[in-house]
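Notes for the one structure printed next.
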Number of protein chains: 2
Amino acid sequence: MTLEPLLKPRSVAVIGASRRRDSIGGAILHNLIEQGFQGPVYPVNPNATHVQSIAAYPSVSAITGPVDLGVIVIPAEHVIEAATSCGEKGVKALIVISAGFKETGDEGRKRERALLDVARRYNMRLVGPNCLGIVNTDPKVSLNATFAPVRPPAGRVAFSSQSGALGLAILDYARELNLGISQFVSVGNKAEVSGNDLIEYWEKDPGTDLILLYLESFGNPHKFTQLARRVARTKPIIAVKSGRTPGGSRAASSHTGALAGSDAAVDALFRQSGVIRTDTIEELFDTAMLLASQPVPLGRNVAILTNAGGPGIMAADACESAGLSLPSLEQKTVKGLKSFLPPEASFKNPVDMIASADAPSYEKSLRMLTLDKNVDAVIVIFVPPLVTGAEEVARAILAGASRSKKPILSCFMGSHGVPESLRSLQEGHIPSYAFPESAARTLARAVGYGVWRSKGAGKVPAIPRIETERGREIIAKVLSTGKPGPRWMDAESMNELFAAYGVPTNRSRPAVNRGEAASVAKSIGFPVVVKVRSPDVVHKTEVDGVRLRLGSEEEVARAFDAVRTALAREKPNARFEGVTVERMVQGGIEAIVGVSRDPTFGPVLLFGLGGVAVELLRDVSMRVAPLTDRDADEMVREIRGFPLLDGYRGAPRSNVPALLDLLHRVSRMAMEQPNLQELDLNPVAVFQGDAPSVVLDARVRLAPDGSA
Amino acid sequence: MTLEPLLKPRSVAVIGASRRRDSIGGAILHNLIEQGFQGPVYPVNPNATHVQSIAAYPSVSAITGPVDLGVIVIPAEHVIEAATSCGEKGVKALIVISAGFKETGDEGRKRERALLDVARRYNMRLVGPNCLGIVNTDPKVSLNATFAPVRPPAGRVAFSSQSGALGLAILDYARELNLGISQFVSVGNKAEVSGNDLIEYWEKDPGTDLILLYLESFGNPHKFTQLARRVARTKPIIAVKSGRTPGGSRAASSHTGALAGSDAAVDALFRQSGVIRTDTIEELFDTAMLLASQPVPLGRNVAILTNAGGPGIMAADACESAGLSLPSLEQKTVKGLKSFLPPEASFKNPVDMIASADAPSYEKSLRMLTLDKNVDAVIVIFVPPLVTGAEEVARAILAGASRSKKPILSCFMGSHGVPESLRSLQEGHIPSYAFPESAARTLARAVGYGVWRSKGAGKVPAIPRIETERGREIIAKVLSTGKPGPRWMDAESMNELFAAYGVPTNRSRPAVNRGEAASVAKSIGFPVVVKVRSPDVVHKTEVDGVRLRLGSEEEVARAFDAVRTALAREKPNARFEGVTVERMVQGGIEAIVGVSRDPTFGPVLLFGLGGVAVELLRDVSMRVAPLTDRDADEMVREIRGFPLLDGYRGAPRSNVPALLDLLHRVSRMAMEQPNLQELDLNPVAVFQGDAPSVVLDARVRLAPDGSA
């Protein structure tokens with residue numbers, strides 16, 4: 001069912017149109033009329049013959065012509081009735097502005113469900129309830145069905161906002177910056193039309209080049225990922241996601257659970273999908289101003305052109321700390337600049353033309369820099385000195401940029417957006433920033449997006465030797481024993497589960513007395529590790545329950561006694577169920593691989609090296625499952641500790657492909673086994689040469705269906 | 001010599017006053033007159049009888065009355081002559097606007113030295129050359145001796161800028177935000193008057209409450225530290241320091257050198273001195289707007305008051321990620337809020353009054369929040385809905401804040417600074433931000449400053465058993481042998497040096513053949529460590545030159561051969577000088593302590609835990625020497641890995657006081673031994689109980705005087 005009647009209606013009825021311009025219903029009617037909607041607008045008001053000089057109808061059914069869109073602005077308790085009338089009238093889409101639904105508690109939630117039922121029954125698309133409305137600046141439509149007092153400029157940027165209040169500020173800010181909007185939708189409670197529906201619509205909308213999102217929650221994150229991955233290849237998506245506060249997150253019982261909070265999952269999801277995430281609305285607009293007007297940068301190399309040293313240095317600092325580079329300029333560029341700039345100028349990057357620089361210097365220098373092969377983008381800084389006017393320089397920058405295929409950003413110190421004197425910049429579509437740092441950070445975001453887009457999309461690889469059904473049986477068996485509820489898997493079942501997914505383990509064997517421990521050790525081969533077994537112990541080292549490097553049967557027997565004594569001492573009430581014995585793995589680099597099942601995003605994978613680096617230093621990477629080849633590769637390489645696997649300080653390289661294989665197998669397991677709630681493989685030993693990565697210790701938490 | 005004649009002159013001569021208002025000399029004269037300087041202004045121009053309707057003098061000497069301040073705006077080659085005339089006339093201070101000095105190369109540098117000589121000869125204070133000038137808004141002075149086209153508003157904020165061009169933008173921005181300036185000084189090349197001189201002056205200036213600095217370089221960082229530490233206790237200092245680009249930093253040959261770049265030293269210096277560092281000019285102003293008007297916050301607990309959910313969430317996110325907390329409100333506050341806000345409002349923190357909130361709700365709610373004992377500061381957010389006007393709410397916020405001793409920040413979404421409708425806020429001194437995130441980040445900076453100020457100043461502790469002279473002798477001896485130039489200290493001399501400073505080492509002993517190695521090991525006691533000795537090897541592990549845990553004479557002898565073979569294989573041209581043998585230290589936590597001598601700041605100390613955490617993850621802390629007790633304590637505790645020393649996962653605590661003692665001894669050594677260029681103590685073993693921290697391996701680089 002298309003969104004056309006919502007976004008491009010041919011006629012609109014305002015149910016609750018008020019005579020008072022300062023009421024919400026009055027403001028909406030006023031905006032529709034005043035901003036020239038290209039079709040009839042019907043005020044519906046049973047208590048008035050006319051509203052704001054327009055003949056009013058007592059009800060929707062009284063309207064003679066067809067109605068595409070109904071805008072409902074009446075108290076919540078009458079909304080269902082009004083929506084039903086619209087359905088009977090044949091209205092194709094509804095915007096419900098009224099509050100008093102899901103956001104107010106149980107009764108509101110019921111009302112919202114009833115509203116959705118009406119919309120479905122009559123095949124109406126529904127935006128809201130509890131929203132600000134919709135804007136479409138397309139001159140063929142000219143729809144402003146909001147109560148916002150501002151009229152945003154027309155352009156090619158679409159915006160979906162989950163906060164109505166913020167929507168007001170957004171429209172205001174767009175006008176202040178003169179950022180042209182194609183369509184604006186305040187989605188409110190998202191009872192029916194979701195952010196995903198809009199992204200899908202805007203993907204094909206020829207009037208939209210760029211998509212902005214303000215999100216507070218995800219409805220269907222899997223669909224979002226698929227959609228965003230595809231759409232972001234052609235139209236950049238920039239998003240602010242709020243609600244990062246950890247306060248509400250559940251208490252975590254594993255490393256991975258502790259580290260993989262929902263916001264980390266959001267970060268991972270955005271990164272995987274090519275969505276540009278900004279921390280603030282201000283940065284969202286900064287980035288939109290760049291991508292709405294300039295080509296996507298193809299590399300990290302920035303040239304800076306300035307008429308003052310200080311701001312040039314500040315821009316260089318900001319570029320480097322945002323991960324951009326300042327390359328040397330080509331010889332011919334330097335020569336060219338020297339031919340007309342004064343000798344006191346600086347011809348290194350940043351190019352400082354000094355305060356005497358006039359408009360023609362800006363034009364010529366900028367053109368030369370855009371032609372330099374070492375340069376991917378240019379930041380032009382202007383500090384108004386006494387002689388040269390901003391307007392003149394703005395025109396010169398436009399002229400210098402005219403044939404450039406590289407992005408150009410300008411910084412007119414102190415001038416955010418487009419003050420009147422920089423109007424020409426806006427017309428020529430060069431974004432302007434008040435401070436060099438904003439320009440640099442914005443460019444860095446665009447470069448990150450450009451890099452993402454330049455790489456292939458990635459695929460979830462086919463993996464041999466997976467026994468999904470066997471995995472299910474093992475998990476079902478564990479869940480079927482004992483009391484119902486979530487539980488940690490025992491070592492033997494974990495080993496079987498890992499075997500079913502081809503995850504190599506250093507298989508451990510249980511022993512219930514010192515004699516058995518010694519003989520098991522002998523059959524495994526020395527040296528071995530002995531670990532305490534207790535259903536009441538999660539971190540074995542914390543009860544002093546691990547003994548390493550045991551070289552003989554006698555040492556193993558002594559270790560058995562030692563961990564029993566230690567357990568009794570450290571945790572007197574814990575049950576002692578003997579020990580596990582496993583071969584002592586020597587060498588290798590310790591990694592951690594984890595899974596945490598996010599209630600919204602599903603399984604989130606975590607990777608890091610070494611316990612301390614992960615737990616205290618948080619040097620970890622995360623991705624939402626399923627992992628593509630690209631995801632797995634990036635997640636291993638993006639941690640700061642990666643050099644340890646890559647021949648650090650002359651050591652041989654580790655077998656990274658084997659580690660990637662393990663990650664893919666874990667990703668598959670997490671996708672296929674919905675009862676797997678949390679998993680910590682810690683440590684995983686990553687070896688050199690051809691050796692596979694081996695799980696040395698693990699914890700898996702299972703939950704019966706529906707009990708997270 | 002006081003700065004009074006510069007900042008509060010009673011008369012001013014403009015040497016180079018021009019008839020053309022759009023020339024620099026013309027603009028300065030115009031500004032002086034037009035902004036009502038409280039004393040006579042004398043244009044000096046040999047080619048005119050009058051300038052801008054004021055009688056002109058052919059030379060300074062022709063002026064009949066006394067002249068306090070001379071402003072020189074003529075081509076560089078005539079400046080010395082003009083300055084000399086000023087000196088002879090008895091002028092007490094000079095501002096040299098003219099460029100063409102140090103910044104242009106050798107000739108300019110000579111000219112600048114000559115200018116300084118003239119100033120010294122005649123006892124004149126000198127600002128510049130190559131600067132924008134000086135502003136003093138005190139109505140008793142009303143001095144605008146700049147060529148800036150804007151007039152900043154009067155107030156209590158002093159500003160020193162090392163960039164003239166940026167100064168223009170700064171004055172412009174101050175006016176846009178309506179941030180009141182007491183004095184503004186563009187220091188230019190800082191030939192005579194420095195930033196330090198100004199800080200010292202402003203410390204005692206009753207018209208200045210807050211000091212802002214834009215710095216590109218430090219003249220005398222030691223004086224800056226001393227001064228800032230003292231001044232920041234009563235007047236906040238906020239600084240932007242640019243020039244962070246690592247490009248120009250020298251190639252580093254030690255861990256510490258690599259990590260302790262100059263910008264890290266700047267960070268350390270600012271932190272130690274209580275200076276609030278911001279990354280950008282925008283943030284500098286954001287912070288200034290808060291501290292210029294509101295009390296310094298006494299804690300991290302923030303209440304958020306809003307009329308819209310989305311911005312409230314965004315503010316909460318930004319607060320928590322900036323290290324602030326959102327406490328629960330007191331019962332009585334919640335009860336009070338419930339008495340007049342609608343039931344749909346949210347009474348948790350953030351308090352969301354919902355869109356229907358009127359101005360009186362803002363006033364009452366804000367007052368209640370400021371009285372809540374759990375709250376240290378309040379951020380008030382307003383998103384303009386249809387009904388309530390910003391102006392009305394601004395006045396209500398003022399009323400609600402009237403008796404508060406806690407800082408209050410407002411965010412009128414979309415309105416940066418003080419648009420006309422928020423003028424009342426400005427008059428009541430409540431800062432206003434365009435986005436909740438800016439308010440949160442700004443508050444976090446102020447909280448950091450408040451925390452710094454609430455702690456004692458710290459002292460460099462007295463340390464027993466220091467043999468400074470002995471240390472000098474050891475270093476002199478090493479430097480006197482062989483070719484002149486920088487060098488690495490040999491192991492034996494290092495051990496002696498450390499002994500002179502009471503730094504505990506795991507003393508190693510050399511052995512030149514396998515037999516000697518074995519017998520040395522026997523005398524030390526097993527287990528031992530054997531390390532290759534070669535003047536050509538810096539990182540012994542990189543040539544496979546270290547063997548651990550050797551338990552017998554035979555193993556030691558084999559290790560001798562093994563490291564010789566390894567050296568020949570890994571670095572065939574390296575000289576082999578036998579091995580060192582030392583006792584294998586078991587247990588303990590590995591730390592790194594380093595010193596890097598920064599050309600500007602002197603010795604910078606570095607601390608971190610474990611090789612990988614330091615090298616790859618950069619989990620380190622830094623301080624400029626000498627360390628106070630507070631510095632040392634903070635530098636150990638601020639690394640993310642600190643829990644490892646503090647009983648991590650149930651392990652016993654390490655002997656942190658012993659580690660602090662070691663840090664103080666190294667700090668003392670670095671301060672007293674100017675030839676010590678770089679030092680890596682890596683690893684230092686930190687033990688539990690009473691055991692001292694012990695240096696297990698070290699590298700010290702010495703440089704003869706003057707050859708860094």
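Labels below follow one simple rule: chain letters A, B, ... track the order of the sequence lines, proteins then strands, and each chain is numbered from 1.
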Measure distances from [X] to the heavy atoms of chain A and classify the residue's part below 4.5 Å as side chain, backbone, both or neither.
X: B:T280; answer: both
X: B:I354; answer: neither
X: B:V543; answer: neither

So which part of A:R441 gets closer than 4.5 Å to some heavy atom of chain B, the side chain, the backbone, both or neither? side chain
Which atoms of A:L326 come close to chain B, meaning under 4.5 Å heavy atom to heavy atom: side chain ones, backbone ones, both, or neither? neither
Sub-4.5 Å side-chain heavy-atom contact between B:E216 and A:M314: no
Do B:L166 and A:M413 come within less than 4.5 Å of each other through their side chains, counting heavy atoms only? yes
Minimum-distance pair of heavy atoms, taken over all atoms of A:S163 and B:P311: OG-CD, 4.2 Å
Please rank B:A651, B:G641, B:S438 by heavy-atom pairs under 4.5 Å with chain A and give me the top one. B:G641
Go through A:G164, A:P643, A:A308 and name the one with the most non-hydrogen pairs under 4.5 angstrom from chain B. A:P643
Could you state the interatomic distance from [atom1] ([X]) to [atom2] ([Y]), rounded to the nearest 0.5 Å?
X: A:D619; Y: B:R618; atom1: CG; atom2: CZ; result: 12.5 Å
X: B:E103; Y: A:E344; atom1: CD; atom2: CD; result: 9.0 Å
X: A:S242; Y: B:I313; atom1: OG; atom2: CD1; result: 4.5 Å

Establish, yes or no, whether a centroid distance under 6.0 Å links the rings of B:F435 and A:F285. no
What do you reckon, is CD of B:E542 surrounded by more than 12 foreign heavy atoms closer than 6.0 Å? yes
